[in-house]
Amino acid sequence: MWNPMLPTLTNEVPEGDNWVYEVKYDGFRTSLEWKEEGVRFISRNGKDLTEHFPEVISFLEHYQDQVREFLPLSLDGEMVILKTNLCADFSLLQQRGRMKNMDKIKQHAQTFPAQFLCFDALQIGRNLQTRTFEKRKEEIKDLFSSLGWPLHISLLKPISLIPFYDDYQPLWKQLELAYGEGIVAKQKHQSYQQGKRVKHWLKIKNWRKVTGFITEFDPENDYFTTSIYNQNKLETLGVVKHGFSEESFNTLTKLIIEKGEKKKGIFHIPPAICIQINCLQAEEGQLREPNFDQFRFDLSPEECTLKKRDLDLTMLPENVEITSPDKPLWPQPNFLKQDHLIYLRKMAPYMLPFLKSKKLTLIRYPHGVEDESFFQKHRPDYAPDFVGAYKESGETFILCQTLESLIWIGNQGTIEFHIPFQKINESFPDEIVFDLDPPSRKEFSLAIQAAQILKMICDQLELYAFVKTSGNKGLQIHIPLPANGLTYDETRAFTEAAAQLLVQQYPEKFTIERLKKNRGNRLYVDYVQHAEGKTIIAPYSPRSTKEGTIATPLFWEEVHEDLNPTQFTITSVPSRVSKFGCPMRYYDEVRQEQNFTKLKQLINT
DNA sequence: TTGAGCT
DNA sequence: AGCTCAATTCTGCGC
DNA sequence: GCGCAG
Ligand SMILES: [Mn+2]
Ligand SMILES: [Mn+2]
């Protein structure tokens, strides 16, 4: 039976020509076993997981015939539920793993599809265990290519190959941005040693660093309980046991036994000793994979608060200076500048892809949304080097390509991020956007109705379409385009035709009247907004509304009469995305899948 | 929010 | 040193 | 070409 080779934990990243690097995903270590009789998934301790992942199995079973010549297969990998292509959601997967009811499993598979990410192979027809890692990877590539499976991480496909990289730095940067679990460094020329924890596989974790003070010590199991303040009340941060050097463990326990008070075998001491802990997550008095990092004599217990914990978990980039964190930017809900920057940091993995390689139009409110604002398109000379630049006919425009630049731009008092429809150095649009503008928020349901009709039109034309609130009054529909897929003339012809259809169908609800006085109380289908040189609010951009609303991507199932767009704010959107995922997560992958046959038929009639 | 230009 | 100002732009419709 | 609109 399969017995996985295991990586060794380290904090030092090994470098050199013989090392390569893979993303480490937080899921179940799983083997895909495919024999003549069929395909199965086996867990690390030999448990059969097949029943728990019907969506992956049913995909694989389509390849029954094509795979026959490669059998038997024994592929080593990780079963995951992905949030992004660099980060998996372990708690969702855990939920799935605990399910017993087949209907529940199938329903879960619908809403949160799992994927098998393959990183090694023990057998593809013949035994590969004595071959080098590099060779085994090649064999998997050949197998995947012949079956048409992705050689990179695909969010759409139930199975993918985990690629490896020669350079550690750029991968780590991306991983940090994505709040990934870590990376695994692997030596290219080593064989597969079943059941062994080996030194030629090294895992490096992307630790969050939290601080708390010690309140209890249990000599029975050597657990230290750490606490934090939540509005002057003590609250448990979590327990920690590992990571102490012998010396620090001894001095610490000696101090606690001397100064502490023993009750029922546990020593209690008042808040004084602050420590920093590495962990993967900290929530509700629990730490995931905690280990002691260092003492923090520079901190007082009063500084170890719930607010600080959440700030630490946010992992703001260290090289960006933050000014006036306590300035209210949205006075009405009392959202501070700090809240804004934390929002941008949390949403960066989802927002940055939409900003990338686009000349930005920023709207800045350095003193909050109730004060003066101004537009900015140029990159100021005083911007740090990491802020992107694009030079064009003697002008320098501002780009936002990295996390650092996003936070710096945010710290400059930028609230709104507007993007053009094409990337730099391209003259074709990379997306079509429908702008649905009701006269006011009172008529938001008109936008819902228009969006539903446009969704039907897109379905009929076999186009993938995504929907978001504008963060203000209306809705916008995004249709991703492949590079050089359609010209502006074509996209315009389409938006215009679709707008006409809407107005024809419900002339009392929708209009394309440019003059406000002629619109009445109808929704303005603003197809003119989609054109070269115009811009639209970026997905996940905050808006300068009094409520602090966000241009929020929606699931189509949410686009219903009673949807309230003001519920989506800088505080609610991050938790919504962490719970349900990003509704636009497939945006970039379906770009290539778009088929314009029917669209072209429509515009040529 | 930041820097330039002017007094 | 302190005050004031600026920080975008273009596109197209309908007449 | 102008003014409105975004
Ligand atoms: Mn709009
Ligand atoms: Mn509009």
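Labels below follow one simple rule: chain letters A, B, ... track the order of the sequence lines, proteins then strands, and each chain is numbered from 1.
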J.: Between which nucleotides of DNA chain D, read 5' to 3', does contact with chain A run, using atoms under 4.0 Å from its heavy atoms?
T.: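 So the contact region on DNA chain D extends D/dC4 to D/dG6.
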
J.: Considering residues at least two apart in sequence or located in another chain, which fulfil the salt bridge (charged side-chain N to carboxylate O under 4.0 Å, His left out) criterion with A/Asp459?
T.: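 Testing A/Asp459 for salt bridge (charged side-chain N to carboxylate O under 4.0 Å, His left out), a comparison that skips the adjacent residues, returns A/Lys455.
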
J.: Write out all pairs satisfying salt bridge (Lys or Arg N to Asp or Glu O under 4.0 Å) with one or both partners inside residues 323-351 of chain A, taking only residues at least two apart or from two chains.
T.: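 Qualifying pairs, neighbours excluded: none.
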
J.: Test of understanding: with side-chain contact (heavy atoms from CB on, under 4.5 Å), list the residues that count as partners of A/Glu181, not counting sequence neighbours.
T.: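 Counting only residues at least two positions away or on another chain, A/Glu181 forms a side-chain contact (heavy atoms from CB on, under 4.5 Å) with A/Lys24, A/Asp26, A/Lys205, A/Leu280, A/Glu289.
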
J.: Looking at DNA chain D, which of residues 513-521 of chain A put a heavy atom within less than 4.0 Å of it?
T.: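 Result for residues 513-521 of chain A: A/Arg514, A/Leu515, A/Lys516, A/Arg519, sorted by number.
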
J.: Going by side-chain contact (heavy atoms from CB on, under 4.5 Å), name the residues that satisfy it together with A/Asn230, two or more places apart in sequence or in a different chain.
T.: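 If we apply the side-chain contact (heavy atoms from CB on, under 4.5 Å) test to A/Asn230, skipping adjacent residues, the hits are A/Glu235, A/Leu306.
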
J.: If the condition is side-chain contact (heavy atoms from CB on, under 4.5 Å), which residues does A/Pro366 pass it with, not counting sequence neighbours?
T.: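 Counting only residues at least two positions away or on another chain, A/Pro366 forms a side-chain contact (heavy atoms from CB on, under 4.5 Å) with A/Arg364, A/Phe374.
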
J.: Along DNA chain B, 5' to 3', what are the outermost nucleotides having an atom less than 4.0 Å from a heavy atom of chain A?
T.: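 Using the under 4.0 Å cut-off, the span is B/dT1 to B/dG3.
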
J.: Which residues pass the side-chain contact (heavy atoms from CB on, under 4.5 Å) test with A/Ser445, sequence neighbours left out?
T.: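 Once residues adjacent in sequence are excluded, the partners of A/Ser445 under the side-chain contact (heavy atoms from CB on, under 4.5 Å) criterion are A/Gln449, A/Glu561.
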
J.: Could you name each residue pair satisfying salt bridge (Lys or Arg N to Asp or Glu O under 4.0 Å) that touches residues 579-603 of chain A, not counting sequence neighbours?
T.: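 Salt bridge (Lys or Arg N to Asp or Glu O under 4.0 Å) check on residues 579-603 of chain A returns A/Asp430-A/Arg591, A/Glu462-A/Lys598, A/Asp588-A/Arg591.
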
J.: Which of residues 534-547 of chain A have a heavy atom under 4.0 Å from DNA chain D?
T.: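 Only A/Lys534 qualify.
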
J.: How would nucleotides 2-8 of chain C be written as a contact map, 5' to 3', with B for base contact, S for sugar-phosphate-only contact and - for no contact, using protein heavy atoms under 4.0 Å?
T.: -----BB

